Each structure stands twice: as structure tokens, then as C-alpha cells.
Asks: 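Before I ask anything, here is the structure I am working with.
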Amino acid sequence: MDQSAVSVDVVALRFWPADAAVTFGIAPRGHEPFTGQVALPGVLLGRGERLAEAAVRAVRTKLGVPDSALGPVGQLVTFDEPNRDPRGPTLSIVMWAVTEPHEGPAHWVTFDDVPALAFDHNSIAAAARTRLAGLLWKDLTLTRALLGPQFPATRAVDLTASLSGARPDAANLNRTLAGIPGLEKTDERRRTKATGRPAAVWAFTGRQS
């Protein structure tokens, strides 16, 4: 029985200070199959290579994100449909990665406005969104990488809406934030829009139970 190749495909996330929504990076493919079509960054897993190492390599080589602008990475889901790659059976291990501000050639799209992608990458993006929404506020490595050490409540609203597809109820979100170990509401309030009340600022303290 022929063995499947293993690819590592990455949903590289962007939620920089000036961004109103979470986006993820895509880029045109430089070779067959699907030359010129946009796709998630992905590479074949090298012999002896760790998944996180392959994810970093994919984001660096396919999206042009320098190592200095790449935050934490983690594993999301596996796609194992035998015919997903016309070159032969290929198992896709999907990873998330958080990027920090940098200059680069990548094209960034929201989960609500995904173009037609090569392979089964549209299905991967949809599944990744669901998984990421479930990890938000639970996986604090992911959450803190996206929001930074402190953030106004409006950023938490924008982040939640980007991943869940719906604007969260303010009271429920506040209860969620209040229940996270190592996250505290500060006395600071920050104006994030020209109109409206300044938003409460939350901060990760590093103290976790």
C-alpha cells in the first residue's frame, strides 16, 4: 500500500492594532498543481521535521513573514480525504500561527470574504474558523498572541465577532473575560472610536490559577 505524503498547511492569523477584524494570509502558488491560484501557505513535512518547524517554514517561504514577526503556532485539525491532492494521497495537518506587524507580500482576507482557494483550502479555512472560535478565551497562548498583553473591550468584541461570525453579547463577553485566570479589568478606559464611551481595558497579569 502506498503511503500518503504529509503536508502542513497554515492558517496564519493577523490582528494588528489598526485591524478591525482578524484576517489570514494567502498567496498565489508558484508551481503545479494549481499554479497561480491562491492558497494557504503549506509545505510537505520534511524527514525529522517537527510540525511547528514546518509551519514556520511555510509562513516564511509562502507568505514572506520574517521569523521575527511570527508568534506562537499550534495544531488545529487534520484533513485526510485521499483525493484532496491531484498528485496523490496527501494528509494535511492544519496549524494556526499568529503574525505580528511586518512588511510583506501576503494577501490578507477575512473569514467572511474568502476567495476560491486551491485544493480543499476553502474547507480548511471554514473548519479552522470553527476551531479557532472554540479556542478563543480557552487557549490563552493563542488569545494573548492575538490581543497583546492588554486590550480595550472593543478589541475583544471585534476578535470574537471575526472568529464566530456574530457580534457577541456584551454582558456574556464580560463574564467570559472576568472568568479567565490571569486576566483582569484595569481602572483605565480607552477611547477607540470617535464617538461613544471609552472602553474598559483588560490586562493579562501573568498570574494564573
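All residue numbers refer to positions in the sequence shown, counting from 1. Worth saying up front: this structure is predicted, and the values here are computed from it rather than measured.
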Asks: Does the Arg60 side chain pair with the main chain of Gly64, one donor and one acceptor, at a distance under 3.5 Å?
Replies: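 Side chain of Arg60 to backbone of Gly64, a donor-acceptor pair under 3.5 Å: no, none is there.
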Asks: Would you say Leu163 and Ile124 are hydrophobically clustered, going by side-chain heavy atoms of ILVMFWY under 4.5 Å?
Replies: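 Per the 4.5 Å side-chain linkage, Leu163 and Ile124 are co-clustered.
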Asks: Same cluster or not: are Leu140 and Met95 linked, directly or through other Ile, Leu, Val, Met, Phe, Trp or Tyr residues, by side-chain heavy atoms under 4.5 angstrom apart?
Replies: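 Hydrophobic grouping puts Leu140 apart from Met95.
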Asks: Is a side-chain N or O of Lys185 found less than 3.5 angstrom from the main chain of Trp202, in a donor-acceptor match?
Replies: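 Here the side-chain-to-backbone pair does not exist.
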Asks: Check for me whether Arg29 meets the cation-pi criterion with Phe119, that is, NZ or CZ under 6.0 Å from the six-membered ring centre and within 45 degrees of the ring axis.
Replies: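 Output no; distance or angle outside limits.
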Asks: Please round to the nearest 0.5 Å and tell me the distance separating atom OG1 of Thr90 and atom CG of Asp80.
Replies: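 The OG1 atom of Thr90 sits 11.5 Å away from the CG atom of Asp80.
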Asks: Using modelled atom types and a 3.5 Å cut-off, is there a donor and acceptor pairing between side-chain atoms of Asp169 and backbone atoms of Asn172?
Replies: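 Indeed, once roles are kept as given, a pair shorter than 3.5 Å links the two residues.
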Asks: Are Glu32 and Arg87 close enough for a salt bridge, meaning some N to O gap below 4.0 Å?
Replies: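 Answer for the salt bridge query: no.
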Asks: Taking C-beta and beyond as the side chain, do Ile26 and Leu40 meet within less than 4.5 Å on heavy atoms?
Replies: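 Yes, side chains in contact.
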Asks: Sub-3.5 Å donor-acceptor pair from the side chain of Asp9 to the main-chain atoms of Ser92, do we have one?
Replies: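 Not a single qualifying donor-acceptor pair exists.
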Asks: Please report the closest heavy-atom contact between Gly36 and Pro28, naming both atoms and the distance.
Replies: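 In this case the closest contact between Gly36 and Pro28 is O-CB, 3.8 Å.
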Asks: Tell me the closest heavy-atom pair linking Ser162 and Ala20, and the distance in Å.
Replies: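 Scanning both residues, the minimum pair turns out to be OG-O, 4.5 Å.
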Asks: Side chains of Gln150 and Arg190: any donor to acceptor distance under 3.5 Å?
Replies: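 There is such a pair (donor and acceptor under 3.5 Å, judged by atom type) between the side chains of Arg190 and Gln150.
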Asks: Does Arg189 have more than 12 heavy atoms from other residues, nucleotides or ligands lying within 6.0 Å of its CZ?
Replies: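 Count over threshold, so yes.
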Asks: Could you tell me which non-hydrogen atom of Ala69 sits nearest to which non-hydrogen atom of Pro101, and how far apart they are?
Replies: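 In this case the closest contact between Ala69 and Pro101 is CB-O, 4.2 Å.
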Asks: Under the side chain to side chain contact (heavy atoms under 4.5 Å, CB included) rule, what do Thr99 and Trp108 come out as? Steps first, then yes or no, please.
Replies: CA-CA 11 Å; Thr99 67; Trp108 302 90; 3.6 Å; yes
Asks: If you measure from OG1 on Thr154 to CZ on Arg197, what distance do you get to the nearest 0.5 Å?
Replies: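 Here the rounded value is 12.5 Å.
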Asks: Any side-chain heavy atom of His102 sitting closer than 4.5 Å to one from Trp16?
Replies: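 With C-beta onward as the side chain, the pair touches.
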Asks: Just wondering, do Glu184 and Phe204 contact through their side chains at under 4.5 Å, heavy atoms?
Replies: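 No, their side chains stay 4.5 Å or more apart.
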Asks: Using the side chain to side chain contact (heavy atoms under 4.5 Å, CB included) rule, take Arg57 and Lys62 through it: C-alpha gap first, then chi angles, then the decisive distance, then the call.
Replies: CA-CA 8 Å; Arg57 178 164 61 90; Lys62 301 300 176 66; over 6 Å; no
Asks: Look at the aromatic rings of Phe151 and Trp137 and report parallel, tilted or perpendicular, splitting at 30° and 60°.
Replies: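 Aromatic pair Phe151/Trp137 classed tilted.
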Asks: Is there side-chain contact between His107 and Val38, with at least one heavy-atom pair below 4.5 Å?
Replies: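 No, side chains not in contact.
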Asks: If you take all heavy atoms of Gln75 and Ile93, which pair is closest and at what distance?
Replies: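 The answer is NE2-CG2, 3.8 Å.
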Asks: Kindly say whether Thr110 contributes a backbone atom to a donor-acceptor pair with the side chain of Thr23 at under 3.5 angstrom?
Replies: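 Absent.
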Asks: To the nearest 0.5 angstrom, please state how far the CG atom of Asp120 sits from the CG atom of Asp85.
Replies: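 The CG atom of Asp85 is 8.5 Å from CG of Asp120, to the nearest 0.5 Å.
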Asks: With the side chain counted from C-beta on, respond yes when Leu142 and Leu132 share a heavy-atom pair under 4.5 Å apart, and no when they do not.
Replies: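 The answer is yes; the side chains approach within 4.5 Å.
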Asks: Heavy atoms, side chains only, cut-off 4.5 Å: are Glu100 and Arg14 in contact?
Replies: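 The answer is no, as the side chains (C-beta and beyond) never meet within the 4.5 Å cut-off.
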Asks: A side-chain contact here means heavy atoms from C-beta on lying under 4.5 Å apart; do Leu159 and Leu147 qualify?
Replies: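 Contact flag for Leu159/Leu147 side chains = yes.
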Asks: Apply the test side chain to side chain contact (heavy atoms under 4.5 Å, CB included) to residues Phe15 and Arg155: give CA-CA distance (whole Å), side-chain angles for both, the deciding distance (0.1 Å), then the verdict.
Replies: CA-CA 10 Å; Phe15 193 50; Arg155 291 283 284 170; 3.4 Å; yes
Asks: Just by distance, do the side chain of Asp139 and the backbone of Thr141 share a donor-acceptor pair under 3.5 Å?
Replies: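 Here the side-chain-to-backbone pair exists.
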Asks: For residues Trp96 and Phe79: do they belong to one hydrophobic cluster (side chain heavy atoms under 4.5 Å, members Ile, Leu, Val, Met, Phe, Trp, Tyr)?
Replies: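 They do share one cluster, since a chain of ILVMFWY contacts under 4.5 Å joins Trp96 to Phe79.
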Asks: For residues Ala54 and Val8, report the shortest heavy-atom separation together with the two atoms involved.
Replies: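 Here Ala54 and Val8 meet closest at CB-CG2, 3.8 Å.
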Asks: Grab the two heavy atoms, one from Pro72 and one from Ala145, that are nearest each other, plus how far apart they are.
Replies: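 Of all heavy-atom pairs spanning Pro72 and Ala145, the closest is CG-CB, 3.5 Å.
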Asks: I'd like to know whether Phe111 forms a side chain to side chain contact (heavy atoms under 4.5 Å, CB included) with Val11, so could you lay out the CA-CA distance, the side-chain angles of the two residues, the decisive distance to 0.1 Å, and finally the verdict.
Replies: CA-CA 11 Å; Phe111 285 100; Val11 179; 4.1 Å; yes
Asks: Answer yes or no: is there an ion pair linking Asp112 with Arg129, defined by an N-O contact shorter than 4.0 Å?
Replies: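 Arg129 and Asp112: salt-bridged.
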Asks: Could you check whether any side-chain N or O of Gln37 sits under 3.5 Å from a backbone N or O of Phe34, counting only pairs where one atom can act as donor and the other as acceptor?
Replies: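 No.
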Asks: Measure the CG-CG distance between Leu135 and Leu146 for me, rounded to the nearest 0.5 Å.
Replies: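 With rounding to 0.5 Å, CG (Leu135) is 10.5 Å from CG (Leu146).
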Asks: Going only through I, L, V, M, F, W and Y residues with side-chain contacts under 4.5 Å, is there a path from Leu76 to Val109?
Replies: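 Leu76 clusters together with Val109.
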Asks: With Ser7 as reference, evaluate Val43, Leu91, Val94, Leu44 under the side chain to side chain contact (heavy atoms under 4.5 Å, CB included) test and give the passing residue.
Replies: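 By the side chain to side chain contact (heavy atoms under 4.5 Å, CB included) criterion, Ser7 pairs with just one of Val43, Leu91, Val94, Leu44: Leu44.
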Asks: Are Val65 and Val56 in one and the same hydrophobic cluster, where Ile, Leu, Val, Met, Phe, Trp and Tyr link if side-chain heavy atoms are under 4.5 Å apart?
Replies: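 Looking at the clustering, Val56 is in the same group as Val65.
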Asks: In the structure I gave you, are the side-chain heavy atoms of Phe24 and Val114 within less than 4.5 Å of one another anywhere?
Replies: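 Yes, side chains in contact.
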Asks: To the nearest 0.5 Å, how far apart are CG in Leu173 and CZ in Arg167?
Replies: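 With rounding to 0.5 Å, CG (Leu173) is 9.5 Å from CZ (Arg167).
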Asks: Any side-chain to backbone donor/acceptor pair from Thr186 onto Val201? Under 3.5 Å, distance only.
Replies: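 Yes, the answer is positive, given that a donor and an acceptor are paired below the 3.5 Å cut-off.
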Asks: At what distance, to the nearest 0.5 angstrom, does CG of Leu70 lie from CG of Leu63?
Replies: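 Those atoms lie 9.5 Å apart.
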Asks: Within a reach of under 6.0 Å around CZ of Arg84, are more than 12 heavy atoms found that belong to other residues, nucleotides or ligands?
Replies: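 More than 12 heavy atoms, drawn from other residues, nucleotides or ligands, come within 6.0 Å of this atom.
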